[in-house]
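Atoms within a ligand are numbered from 1 in the order they appear, just like the ligands themselves.
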Amino acid sequence: MRQSRLFTKTRREAPADEVSKNAILLTRAGFINKEMAGVYSYLPLGWRVIQNLKRVIAEEMEKLGSREILMSTLQNKGVWEKTDRWDDERVDVWFKSKLKNDTEIGFGWSHEEPIAEMMKSHVKSYNDLPVSVHQFQNKLRNEVRAKSGIMRCREFIMKDMYFFAETEAENLSFYESAIAAYSKVFDRVGLGNITYVTSASGGMFTDKFSHEFQTLCDAGEDYIYVNTERRLALNEEVWNEKTVSELGLKESDFEKKSAVEVGNIFNFGTKKSEDLGLIIQNQSGEKQSVHLSSYGIGVSRLMGTIVEVLSDEKGMIWPKEVAPFRVHLIFLGHDGVLKELADKIYNAMLSENIEVLYDDRDLRAGEKFADADLIGIPTRVVIGGKTVESKMLEVKDRGSDDVLMMTLEHLIEKLNSSTSFDKVQDKSLGTRSY
Ligand code: ATP
Ligand code: MG
């Protein structure tokens, strides 16, 4: 993409109505637009990050055998009444509306009930199980506090997955694989080493239990107790002497840290299916309720978390898999010949399928560099006066101070392999011209 055609503007100043780091940086860089408190739109750069997060998550969910669907946002009151979760006394985040005929509808804050209800039309016997579906959906929640930028919103993007099984064993085994898949997701988006799975309620031996995925983050609203050595964490609800000693540890072996919940998984056992009447004929020919578990990831919250933990005083630092572009190609100067060369290099990168943001704007070098640091694309490539003579591109990774000189060919080779640029020993490698 040519930056001259990117309509969004960067700003030097933090917006007056934002306090959180993620909202400040994302707004300054033109990734998001605030509509009102707790409600944001995603602009081209921000939407590309969301799409990348969705791709990574979808890939890992599909490996579990899950199928993508899209449920509606408007929801049926009757379905939620069956599980006694329509009442505002029971669920305090509902947005609801009246239709013209005076009946009520709800705006989806979760999809457990509607999805189980929908499955009644498709799942009739053990032959139809197990089945897993997932979706990326805007959830609407009437949150009281919305001050953490895109980390706590009234409208936000969630990945939710549901697993339906005949037996408890199948349900538990999927639950275990989902934990592994989630860890893979958080690794790939650059948060692996600071994300912990914590047991949130119940134990594996009760029929209902849940786990949270918590990323260490100063801006997080939760506290967890971490033992880094054993990569163990407990959340506040289950933190007590008994649990700690069961793990063969002392309370002093744990450190209390702020964290943000990026994912949450639940095992419902057969309770929800009983309430909703999701009944099948099992292998012994008897009627039984279906086992259900559900698996959420806050996609937009994940984006905010990455910004919170991976940024410096100059701006954001995107991990490669989620960055809006892989390369930020920056042309410096006004020279026509040089510009032609820059265009040529841009086109060569495009033909190699490299995702590149091309700063072809007529601005001073300082402004372009400041924007590049703010936007945080992993690799910056500069084309300036020296490029013509030396046939070398100036290459720098965001977050590193090392500038490397290399030919276009060498750069492309490096981008296609996963090796980091820091590992390039011979800086004069490749003298062939582009
Ligand atoms: P929290 O405890 O943070 O309020 P929750 O337990 O209500 O979250 P779930 O219903 O389990 O959240 O939703 C699944 C995931 O969606 C959460 O793990 C979180 O990452 C994300 N999420 C929940 N609420 C919000 C929100 N208001 N804004 C952005 N993301 C959210
Ligand atoms: Mg939760």
Distance-only N or O hit between ligand 1 and [X], under 3.5 Å:
X    : result
G298 : yes
I150 : no
R301 : yes
C153 : yes

| More than 12 heavy atoms of other groups within 6.0 Å of R5 CZ |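 Counting neighbours around CZ of R5, 12 or fewer heavy atoms of other residues, nucleotides or ligands fall under 6.0 Å, so no.
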| remark: Looking at F156, W109, Y295, F213, the heavy atom closest to atom 22 (N) of ligand 1 belongs to F156
| task | Could you check which of K139, M151, M158, R141 puts a non-hydrogen atom nearest to atom 10 (O) of ligand 1? | result |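 When every heavy atom of K139, M151, M158, R141 is considered, R141 comes closest to atom 10 (O) of ligand 1.
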Ligand-side contact atoms (ligand 1) for residue partner [X], heavy atom cut-off under 4.0 Å:
X    : answer
E143 : 24 (N), 26 (C), 27 (N)
G263 : 18 (O)
N264 : 6 (O), 11 (O), 18 (O)

| So, F174 versus Y295, ring centres under 6.0 angstrom or not? | yes
| Would a line drawn from the ring center of Y175 to the ring center of F209 be shorter than 6.0 Å? |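 Close enough - the centres of the two rings lie under 6.0 Å apart.
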| said: Under the ring pair (Phe, Tyr, Trp, His ring centres under 6.0 Å) definition, can you give me all pairs with a residue in residues 26-49, not counting sequence neighbours? | reply: F31-W318
| request: Kindly indicate whether a cation-pi arrangement holds for K54 with F136, taking the cut-offs as under 6.0 Å to the six-membered ring centre and within 45° of the axis. | output: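 Because its charged atom sits under 6.0 Å from the ring centre and within 45° of the axis, K54 does stack over F136.
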| query | Just checking, R141 and F107: is the charged tip under 6.0 Å from the six-membered ring centre and within 45° of the axis? | reply | no
| task | Mind checking side chain to side chain contact (heavy atoms under 4.5 Å, CB included) for S245 and listing every partner two or more places apart, or none if nothing turns up? | result |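 None.
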